[in-house]
2 protein chains.
Amino acid sequence: MGSTQQDDRPSATERRRGELLEAADRVVLRDGPEASMNAIAAEAGITKPILYRHFGDKSGLYRALAVRHTDALLDSLRAALDAPADRRTRLERTLETYLAAIESRPQVYRFLMHPAESGPAADSGFDIGRHTAPLLRRLGEELAEVISERLDPGTDDVAQARVWGHGIVGMMHAAGDWWLRERPCARAELVRQLADLLWGRLATSPNRPQGPGF
Amino acid sequence: MGSTQQDDRPSATERRRGELLEAADRVVLRDGPEASMNAIAAEAGITKPILYRHFGDKSGLYRALAVRHTDALLDSLRAALDAPADRRTRLERTLETYLAAIESRPQVYRFLMHPAESGPAADSGFDIGRHTAPLLRRLGEELAEVISERLDPGTDDVAQARVWGHGIVGMMHAAGDWWLRERPCARAELVRQLADLLWGRLATSPNRPQGPGF
DNA sequence: ACTGCGTGTTACCGAAAGTAACAAGGTGGG
DNA sequence: CCCACCTTGTTACTTTCGGTAACACGCAGT
């Protein structure tokens, strides 16, 4: 507090921190989320304690790393989500953007979804989902915002927007995860089928003629 | 091989294994997924090497544990999914069942979703999602089966059923995870809103009158 | 020149996964 | 009767990794 410097340009420390993050990024993308702090330090050309001075602990480093990628992905998704197009087109573009992202850089995707912060925290309280990637939560909230901005609030509760936001994001995530592993179809096909699902096709599809009914 | 015994009743070894699993279950539900093998062994009244003889390694133990709970949950979900009722009712009952399960035993839920198997495997290949809980995959396949059983296959590709299965499961999971953490509404409310979403309400809801349009 | 501060080091601690190597108890075959 | 054999159990060890203490260099500003 009280620094006369406006610090618009990064201080030396901040630049160093950025360099360390880039080194960490290289290692994590090469070795996966279980990369050791020693390996990261070695890649950066230094030793462990410096990492700890900058990031506190491993979770801190990983959080900083995740924020970077998450911000980048969120930016491109926001663009697709806010584009001036009709609802269905925007949905398809957003799905497309997400799937293209996870397809082109699966290691990043894997890291973001599985931070694997297995700290010896010995937390006695069961805070569910402390390990789940914050990316999905942020995305869900973001989408909820867009939904409640665009949809008539009289349509239903405002809470509906948040449920839908998280629900849709979860659908996208799970389908994307499965698709990335099994590659059962082209990306465009997946996009269309998910959009169809959200467009109410589940409700209107006919039953099998001779099936178990309903 | 070649045992004349039909081994319908559990052998002594299998019974022991079951006891160990129950002890592990107690510890994991008390301490979370980061419970140490020592702690589990202590709870079972024995020492580590025995656990390793029975389960190979920590992942093995956790897998065995997860299979138990997953099977139990899948059984109750199958019941709701296959019940003789109309499509919407079945959907709502299934959502209800799932949410009730994760609500009543959040520790089990947390364990199943975050196995945290951080083995020193040093796998050079990036098999995405090796860490994700198999529960969701199994559930997705299960639902896909039900969908393709019941829906007219002429409606669209058979592949559609799998996309929808995984997508719907992901929606349920993400919404449930968020709901469990924030508790923004009653369970029945959440069920209704998710069902509405899948019933095409996203497509038919009107825009805000003065909003950004579309 | 002295005082800080940020950067860097080596050397260590503690916890946890995983692994010998060895001991004890029961069981069937000679 | 006794010996091999299998299962259960132990103690004691290695390795790896997250995290920390203590110390050393370089470079501002006063």
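Quick caveat: nothing in here was measured; it's all calculated off a predicted structure. Per chain, numbering begins at 1; letters A, B, ... match sequence-line order.
With dG8(C), dT11(D), dT20(D) as the choices, the nucleotide that has an atom nearest any side-chain atom of P49(B) turns out to be dT11(D). The listed nucleotides are dG8(C), dG18(D), dA17(C); the one nearest the side chain of S36(B) is dA17(C).
The distance from atom CD of E34(B) to atom P of dA17(C) is 11 Å, rounded to the nearest whole Å. Rounded to whole Å, the distance from CZ on R15(A) to P on dT7(C) is 11 Å. One interatomic measurement links the two molecules: CG of L61(A) to P of dC17(D), which rounds to 16 Å at whole-angstrom precision. Regarding Y52(A), its OH atom lies at a distance of 8 Å from the C1' atom of dC17(D), rounded to whole Å. Spacing between atom CD1 of I50(B) and atom C1' of dG25(C) amounts to 14 Å, rounded to whole angstrom units. Look at CG on L51(B): it is 10 Å from P on dA17(C), rounded to the nearest Å. The separation between D57(A) atom CG and dT20(D) atom P is 8 Å, rounded to whole Å. Straight-line distance from the CZ atom of R17(B) to the C1' atom of dT7(D): 16 Å, rounded to whole Å.
When the side-chain nitrogen and oxygen atoms of T13(A) are compared with OP1 and OP2 of dC5(C), none of them lie within a distance under 4.0 Å. A sub-4.0 Å separation between OP1 or OP2 of dG9(D) and a side-chain N or O of T47(B) is absent.
Ranked by how close their nearest DNA chain D nucleotide is to the 5' end, K48(B) and L20(B) are led by L20(B).
Ion pairing of R16(B) with E19(B) is present here, as a side-chain N (NZ or NE/NH1/NH2) and a carboxylate O approach within less than 4.0 Å. Using a 4.0 Å cut-off between charged nitrogen and carboxylate oxygen, R192(A) and E189(A) count as a salt-bridge pair.
In this structure, W178(A) and H166(B) have parallel ring planes: the angle between them is below the 30° cut-off, well short of the 60° mark.
When each of H69(A), R68(A), Q107(A) is tested with D25(A) by the rule side chain to side chain contact (heavy atoms under 4.5 Å, CB included), just one qualifies, namely H69(A).
Judged by atom type and distance alone, R53(A) reaches the base of dG8(C) through a side-chain donor-acceptor pair under 3.5 Å.
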